[in-house]
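Down below is the structure, laid out as structure tokens.
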Number of protein chains: 2
Amino acid sequence: MSKAERTRQFIIEKAAPIINRKGMAGASLSDIMEATGLAKGCIYGNFENKDEICLEAFNYLSQSYVKSMMAHLQPFTGSKAKLIAYLDYTLAGKHRDEMGGCPVINFGAESDDTHPAVRERVKQVIRSSREFITSLLREGVESGDYSPDLNCETQALKIYTLLEGAVIISRIENNREQLEQIVNLIKAEIETF
Amino acid sequence: MSKAERTRQFIIEKAAPIINRKGMAGASLSDIMEATGLAKGCIYGNFENKDEICLEAFNYLSQSYVKSMMAHLQPFTGSKAKLIAYLDYTLAGKHRDEMGGCPVINFGAESDDTHPAVRERVKQVIRSSREFITSLLREGVESGDYSPDLNCETQALKIYTLLEGAVIISRIENNREQLEQIVNLIKAEIETF
DNA sequence: ACAGGAACAGACCAATTGGTCTAAAAGAAA
DNA sequence: TTTCTTTTAGACCAATTGGTCTGTTCCTGT
């Protein structure tokens, strides 16, 4: 890893939570300079423009989320246990709290009319999240945990939708209760699969 | 309605869709001047500052949404028919499309860390939406449409969460299909109530 | 019709924005 | 250690930002 690569990564990691919190338009270069302690010339030596930093910030946030989620899921065996662990990790929201909220929601809501490249990446992240849940359900069907009639894609969409919806509501209400209730509902529903 | 009041309202109505699309930080005063055709002095003669315009824009968006929703629901009789009509109106998303997306999501995602007054209003709108669905369910229980055991608050939260979640996903994916699927799931679930 | 007040236009302002450029500093290769 | 390239600092830039202020225009009540 060259010096430049390390600096680039450093900037992304420092900038990401700020951009996630303040938004792409709301976070200024001064904010990023302050957070990194670097001068403007250095930042522009490593990025084309602010938009590129925003895009990379979203990539970093989503990738690091997946990484920490996978690390959390790793000890659990069996697709059903993994799915429950997935729900519990979402409920705990440690990564989210550290990073200033769910990046899919924050970047998704802002990018849809203004930043097509970011929007495209958000889309991909939603897709792969849904696919991951789908694959967990499918495994569960194979292993006999769930009925063979289970419509895995549809139920995965439902679970993901409930989680995203509950995450926004809980964040705006500044109250974990709603997310807790929804996670409990999902858990109960899984038992009927 | 005085001249000033009319102008104030005019500014709000023209600015709201822009702020909803570009975000509070992303929409500039020049944008608002262009959309209204008014000069800066006029705008600042009617508002304290940009933040006030943003707050009023959210109020306008949410109130006009409620109004058009109620107008749509009016012809239907019976709480169950009204609930289905509520879902269908959400699915159609006419108001949302005209205004540049769901204001609860757009303003909610942006305000949570930066605009406490807006956030508070978004919170209230979420509350009253949930309460409205709850009351429809409760009416349905009274009239015998649903089982007396139905947990109206919880199911209302679930329905609202699914709708908000599906609205974001469909908007980012730029595809009505996900929202359609979710609305169908909700409709099917109502039948089991 | 007119007087007085409300509403508006737009010049003006300081501060900040994203972005460039050059010279100095730091790293890497020899 | 010296050379040469890469990386960084920060002065600089034009454009734009949110916001103020004054003079003009437009209403409205008499």
Side-chain angles (χ1 to χ4, degrees), chain A residues 1-60 106-107 110-111 113-118, chain B residues 1-60 106-107 110-111 113-118:
Chain A
M1 217 181 186
S2 76
K3 183 87 207 301
E5 276 170 326
R6 269 182 290 137
T7 305
R8 187 180 160 94
Q9 193 59 25
F10 172 77
I11 294 170
I12 292 169
E13 288 174 20
K14 292 289 180 188
I18 294 173
I19 299 172
N20 200 30
R21 254 178 274 265
K22 296 195 171 192
M24 298 186 281
S28 69
L29 248 103
S30 331
D31 291 327
I32 296 169
M33 285 164 65
E34 197 190 330
T36 55
L38 295 171
K40 202 168 271 195
C42 175
I43 291 168
Y44 276 94
N46 288 286
F47 294 91
E48 273 286 301
N49 50 40
K50 196 184 140 189
D51 282 353
E52 192 191 344
I53 305 178
C54 291
L55 181 61
E56 292 303 324
F58 175 74
N59 285 337
Y60 166 71
N106 289 336
F107 285 77
E110 188 175 2
S111 71
D113 286 301
T114 52
H115 293 73
V118 172
Chain B
M1 215 180 186
S2 75
K3 184 86 208 300
E5 276 170 327
R6 270 183 290 135
T7 306
R8 189 180 159 93
Q9 193 57 26
F10 173 76
I11 294 170
I12 292 170
E13 287 174 21
K14 291 290 180 188
I18 294 173
I19 299 172
N20 199 31
R21 255 179 272 265
K22 294 194 172 193
M24 298 185 281
S28 70
L29 247 104
S30 331
D31 291 328
I32 297 169
M33 286 164 64
E34 196 190 330
T36 55
L38 294 171
K40 202 169 271 195
C42 175
I43 291 169
Y44 275 94
N46 288 286
F47 295 92
E48 272 287 301
N49 49 39
K50 196 184 139 188
D51 281 354
E52 193 191 343
I53 306 179
C54 291
L55 182 60
E56 292 303 325
F58 176 74
N59 284 338
Y60 166 72
N106 290 335
F107 285 76
E110 188 174 3
S111 72
D113 288 300
T114 52
H115 294 71
V118 173

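In what follows, every chain begins at residue 1, and chains take the letters A, B, ... in the order their sequences are listed.
Within residues 11-29 of chain A, the residues approached by DNA chain C to less than 4.0 Å at the level of any non-hydrogen atom are A:Ala27, A:Ser28, A:Leu29, in residue-number order. Non-hydrogen atoms lying under 4.0 Å from DNA chain C are contributed by B:Leu38, B:Ala39, B:Lys40, B:Gly41, B:Cys42, all within residues 35-44 of chain B. For the segment residues 45-54 of chain A, the set of residues with a heavy atom within less than 4.0 Å of an atom of DNA chain C comprises A:Asn49, A:Lys50, in numerical order.
Other residues, nucleotides and ligands contribute more than 12 heavy atoms inside 6.0 Å of the CD atom of A:Glu52.
The span of DNA chain C lying next to chain B, judged by atoms under 4.0 Å from heavy atoms, is bounded 5' to 3' by C:dA7 to C:dG10.
Distance check, rounded to the nearest 0.5 Å: OG of A:Ser111 to CG of A:Asp51 gives 11.0 Å. With rounding to the nearest 0.5 angstrom, the NZ atom of B:Lys14 is 9.0 Å from the OG1 atom of B:Thr36. Remark: A:Ile12 CD1 to A:Thr7 OG1 distance equals 11.0 Å, nearest 0.5 Å. Distance check, rounded to the nearest 0.5 Å: NZ of A:Lys50 to OG of A:Ser28 gives 7.0 Å. Annotation: the span from A:Phe47 atom CZ to A:Leu29 atom CG amounts to 10.5 Å, rounded to 0.5 Å. The CE atom of A:Met24 sits 10.0 Å away from the CD atom of B:Glu110 when rounded to the nearest 0.5 Å.
A:Glu5 approaches A:Met1 most closely through the heavy-atom pair OE1-CA, 3.4 Å. Here the shortest heavy-atom pairing between B:Arg21 and A:Thr114 reads O-CG2, 4.3 Å. Considering all non-hydrogen atoms of both residues, A:Ala16 and A:Ala57 come closest at CA-CB, 3.8 Å.
Residues A:Leu38 and A:Asn46 form no side-chain contact, since every pair of their non-hydrogen atoms from C-beta on lies 4.5 Å or further apart. Counting only heavy atoms from C-beta outward, the side chains of A:Ile19 and A:Phe107 approach each other to under 4.5 Å. Taking the side chain as every heavy atom from C-beta outward, B:Ile32 and B:Ile11 approach each other to under 4.5 Å.
There is a side-chain donor-acceptor pair under 3.5 Å between A:Glu13 and A:Gln9.
With sequence neighbours excluded, the residues forming a side-chain hydrogen bond (donor to acceptor under 3.5 Å, both in side chains) with B:Lys22 are B:Asp31, listed by chain and number.
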Dump the pairs, protein N or O against N or O of nucleotides 27-30 of chain D, anything under 3.5 Å, distances to one decimal.
none

